Protein chains: 2
Amino acid sequence: MTKKLTIYDIARLAGVSKSTVSRVLTNNASVDPATAQHVRQVMEEHDFVPNFHASAIKGKSPFIGVIVPVLSWDLMSDLLLGLSRAIEASPFEIVLFTCNPAKGYRDILDRILATRMTAGLLVVPFAPVPTELITLYQDGMPVVLIDIVSWRVDLPSVSDDNVGGALAAVNHLLQLGHRRIAYVQGPAELPCYQERYQGYCMALRNAGLEPDSRLFFSGHDLDFNGQAAIEEIVKLPPSVRPTAIFTTSDMSACGVLTSSEEHGIHVPKDLALVSYNDMHLAAHTRPALTTVRQPFQDMGRRAAEMLLSLLNTSDSIHSLNIELPTQLIIRDSCGSSLTV
Amino acid sequence: MTKKLTIYDIARLAGVSKSTVSRVLTNNASVDPATAQHVRQVMEEHDFVPNFHASAIKGKSPFIGVIVPVLSWDLMSDLLLGLSRAIEASPFEIVLFTCNPAKGYRDILDRILATRMTAGLLVVPFAPVPTELITLYQDGMPVVLIDIVSWRVDLPSVSDDNVGGALAAVNHLLQLGHRRIAYVQGPAELPCYQERYQGYCMALRNAGLEPDSRLFFSGHDLDFNGQAAIEEIVKLPPSVRPTAIFTTSDMSACGVLTSSEEHGIHVPKDLALVSYNDMHLAAHTRPALTTVRQPFQDMGRRAAEMLLSLLNTSDSIHSLNIELPTQLIIRDSCGSSLTV
DNA sequence: CTGAAAGCGCTTACAG
DNA sequence: CTGAAAGCGCTTACAG
């Protein structure tokens, strides 16, 4: 194994002291531009890369911690993709922590806190943000939340516009002439669903309509939700039966599709459907889903950029909160092309 | 910020020297069981976690590097999931490197090599395994390949059974009575496709059939592939036209589905379809795909376990190669339930 | 089995 | 602007 060079070797080769080499490495102290240039060249020639761990022990860590819940959701990869692209271009590396939602992130935060392992943290919270994280932030560790659930907390964050997304979705159905639009959501305790419901109500009211509680469906199991909604809907008297349905997640939409098929209900002819997420599968269901695209890749990128800037400026910027717009992707399930 | 404890503090609290504390930390030297127990208890009481970076500078790194190509493929998350579960239970953390396939992994490997940043490496190769990696391994850095492309190289690896998977897929179609089975694959230079083709041929020959070159389709763009195959197939004279099609990736199957629909070809009635991968969307297309499930989560887990054991035994185990079985998931696209 | 001491590769006041 | 020196928190021969 080729002997590893140290700053001492570089110092010797460049004819300076290792203090100077270290200074050009951290470039936070004044070094004569000419010597700096020379040192840099020597490092280049010898493919010198400083030992991360040695730097980290006194200086700052070269790692950015990324804490995500379930990796098995395809949109999580989009998020990781966006964020890793942004970090790739920086001198930092990504340390990935997956968090068993059941266990919570206390363990992980303790470890990070105790070991000063990371310079900053990018976290995708899946439960109310724990006070440990806030403490950590107040103590000087830069943290940026990628908040897809919309937990409100006084920390820098990137989120997406749930109200606006739902508004656009329901407006689209209204424009197609639908008046009775059912609403299906996941666990009611999650703020993102509350916000999407707000958007739904707002759209209806703007059109002079009132939400009908018989058309409201909520439940924990997304997969199952949509199916359950259809089971209820078919029992409704024709006069109150919806002609359209807004599912606040694509998994629910899949349930709606499955169950509709079983009941001989044709989507979109008999029932128009607009969904939420734009998971990869949304383009491949039959009919393909008209759905609100959440900008996960962008959210990842923006969050990483925010963290990187927090890392660069020693003065702690006050809590930034960026909310990214969503986009309605029109495919086949809403029957846009049909006359309703 | 609560003052960080060091082994010196623990030593003082436990009434021993920091050498002893360090020894129980690394537990690779003889320490009196009673004192070890006592020290451990003191650490426990004070929530002591050693500084990773400090350990890493002399001892071994607490990081396992994971190098993956595109994160945007949903099965990649399954892989990460399996591997992170296994590593979670260990004292190691995951450092994630995403590799722009265009750039290749030379840069990354150089960095890892130069900085001794990781104790071991889990890599998902997307291009022929570079010699740097082999050198790294020979120089003592444990490496395990998660080889979904089936690059053959003398390194510990976990892969899946391409020949067997294809064999099962085509056998299933043969059992349903199909005699003319088309074959669609991705880039021919990838060994995994060559192996799947072997399985395809093997199944046909076992049934006394010969592969027909007019039913062979290969191309780089998976998405497009399936569509292109259908375009060709419809031009074929009825006598040679296939009654079934085996696509070696789910993306191609999506293309087949789309294009079939356009041509009024009903899957599975007019054309039975068996695919490969079992991506998440496979269950949600219409018809849902009968497809060969690749055991990505298991592959991740097994690879991590192998690496962990490599990390524990100082004597380098000779190149282990595990090949995991695939499983044919029967859904609707093959028309199992129909009489052909 | 255990301490005192030297050292890992880097950073950072402290002088100049 | 730059060196010599002390130090980060841990590990590991070296004695005992």
Side-chain angles (χ1 to χ4, degrees), chain A residues 1-40 42-43 46-63 91 111-117 119 314, chain B residues 1-40 42-43 46-63 91 111-117 119 314:
Chain A
M1 205 171 229
T2 69
K3 196 72 197 75
K4 175 70 179 65
L5 293 178
T6 72
I7 54 165
Y8 181 72
D9 300 310
I10 300 300
R12 202 163 27 74
L13 290 161
V16 296
S17 73
K18 61 198 178 78
S19 313
T20 301
V21 176
S22 175
R23 285 192 190 98
V24 349
L25 240 32
T26 56
N27 58 242
N28 58 210
S30 39
V31 182
D32 180 71
T35 54
Q37 178 52 38
H38 176 223
V39 170
R40 250 185 276 274
V42 173
M43 299 199 291
H46 295 267
D47 282 330
F48 172 73
V49 186
N51 181 315
F52 277 176
H53 298 299
S55 327
I57 175 174
K58 284 216 83 168
K60 43 224 116 329
S61 166
F63 295 110
R111 278 233 298 286
I112 293 173
L113 185 67
T115 60
R116 298 278 180 284
M117 187 167 46
S314 43
Chain B
M1 207 175 234
T2 69
K3 196 74 197 73
K4 175 68 178 65
L5 294 178
T6 72
I7 55 165
Y8 181 73
D9 300 309
I10 299 300
R12 203 162 26 74
L13 289 162
V16 295
S17 73
K18 61 198 178 81
S19 313
T20 300
V21 176
S22 176
R23 284 190 190 100
V24 350
L25 240 31
T26 57
N27 59 242
N28 58 211
S30 39
V31 181
D32 180 70
T35 55
Q37 178 52 38
H38 176 223
V39 170
R40 249 185 277 274
V42 172
M43 299 199 292
H46 295 266
D47 282 329
F48 172 73
V49 187
N51 181 314
F52 277 176
H53 297 299
S55 328
I57 175 172
K58 284 217 82 170
K60 43 225 120 329
S61 166
F63 294 111
R111 276 231 303 284
I112 293 173
L113 185 67
T115 61
R116 297 279 180 282
M117 188 167 44
S314 42

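Remember, predicted model here, so these are calculated numbers, not experimental data. So you know, we letter chains A, B, ... as the sequences are listed, proteins then strands, and number each from 1.
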**OP:** Check whether any side-chain heavy atom of B:Tyr8 lies under 4.5 Å from a side-chain heavy atom of B:Val21, and answer yes or no.
**Re:**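 They are not in contact (no side-chain heavy atoms under 4.5 Å apart), so the answer is no.
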Practice prompt. May I ask you to test the A:Thr6-A:Asn51 pair for a side-chain heavy-atom distance under 4.5 Å?
Written response: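 No, too far: nothing below the 4.5 Å cut-off.
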Presence of [X] side-chain N/O under 4.0 Å of [N] phosphate oxygens OP1/OP2:
X       : N     : answer
B:Ser55 : D:dG9 : no
B:Thr35 : C:dT2 : yes
B:Thr6  : D:dG9 : no

Task: Mutual orientation of the aromatic rings belonging to A:Phe63 and B:Phe63 [parallel < 30°, tilted 30-60°, perpendicular > 60°] - done: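 Ring orientation, 0 to 90° scale: tilted.
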side-chain contact (heavy atoms from CB on, under 4.5 Å) partner of A:Val42, the single match among A:Val24, A:Val16, A:Leu13
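In the set A:Val24, A:Val16, A:Leu13, the residue that makes a side-chain contact (heavy atoms from CB on, under 4.5 Å) with A:Val42 is A:Leu13.
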*In the strands shown, is C:dA15 matched to any nucleotide by a Watson-Crick or G-U wobble pair with both distances under 3.5 Å, and which?*
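In the structure as shown, C:dA15 has D:dT2 as its Watson-Crick or wobble partner.
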Nearest-angstrom distance from the residue atom [atom1] of [X] to [atom2] of [N]:
X       : N      : atom1 : atom2 : answer
A:His38 : D:dC1  : NE2   : C1'   : 17 Å
B:Phe52 : C:dC10 : CZ    : P     : 21 Å
B:His53 : C:dC10 : NE2   : P     : 15 Å
A:Leu5  : C:dC8  : CG    : C1'   : 15 Å
B:Ile10 : D:dT11 : CD1   : P     : 13 Å
B:Ile7  : C:dA5  : CD1   : C1'   : 13 Å
A:Asn51 : C:dC10 : CG    : C1'   : 8 Å

- request: Might you point out which heavy atoms bring B:Ala14 and B:Val39 nearest each other, and give the distance in Å?
  value: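 For B:Ala14 and B:Val39, the tightest heavy-atom pair comes out as CB-CG2, 4.2 Å.
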- prompt: More 5' along DNA chain C: A:Leu25 or B:Ala54, using each one's nearest nucleotide?
  reply: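 So the residue in question is B:Ala54.
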Determine the Euclidean distance between corresponding C1' atoms of C:dG16 and C:dT12; express it in Å to zero decimal places.
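Those two atoms are separated by 16 Å.
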Check nucleotides 12-16 of chain C against the protein and report each pair of N or O atoms closer than 3.5 Å, with its distance, or say if there are none.
| unit_1 | atom_1 | unit_2 | atom_2 | d |
| --- | --- | --- | --- | --- |
| C:dA13 | N6 | A:Arg23 | NH2 | 2.9 |

Practice task
Evaluate the criterion side-chain contact (heavy atoms from CB on, under 4.5 Å) for residue pair A:Met43 and A:Leu25; output intermediate values, then yes/no.
Solution key: CA-CA 10 Å; A:Met43 299 199 291; A:Leu25 240 32; 3.6 Å; yes
* **Main-chain N/O of B:Ser22 paired with B:Thr26 side-chain donor or acceptor, under 3.5 Å** =>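 Such a contact is found between B:Thr26 side chain and B:Ser22 backbone.
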Q.
Checking contacts here: which listed nucleotide (C:dG9, C:dA4, D:dC10) is nearest the side-chain heavy atoms of B:Ile57?
A.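 Per side-chain heavy atoms of B:Ile57, the pick is C:dG9.
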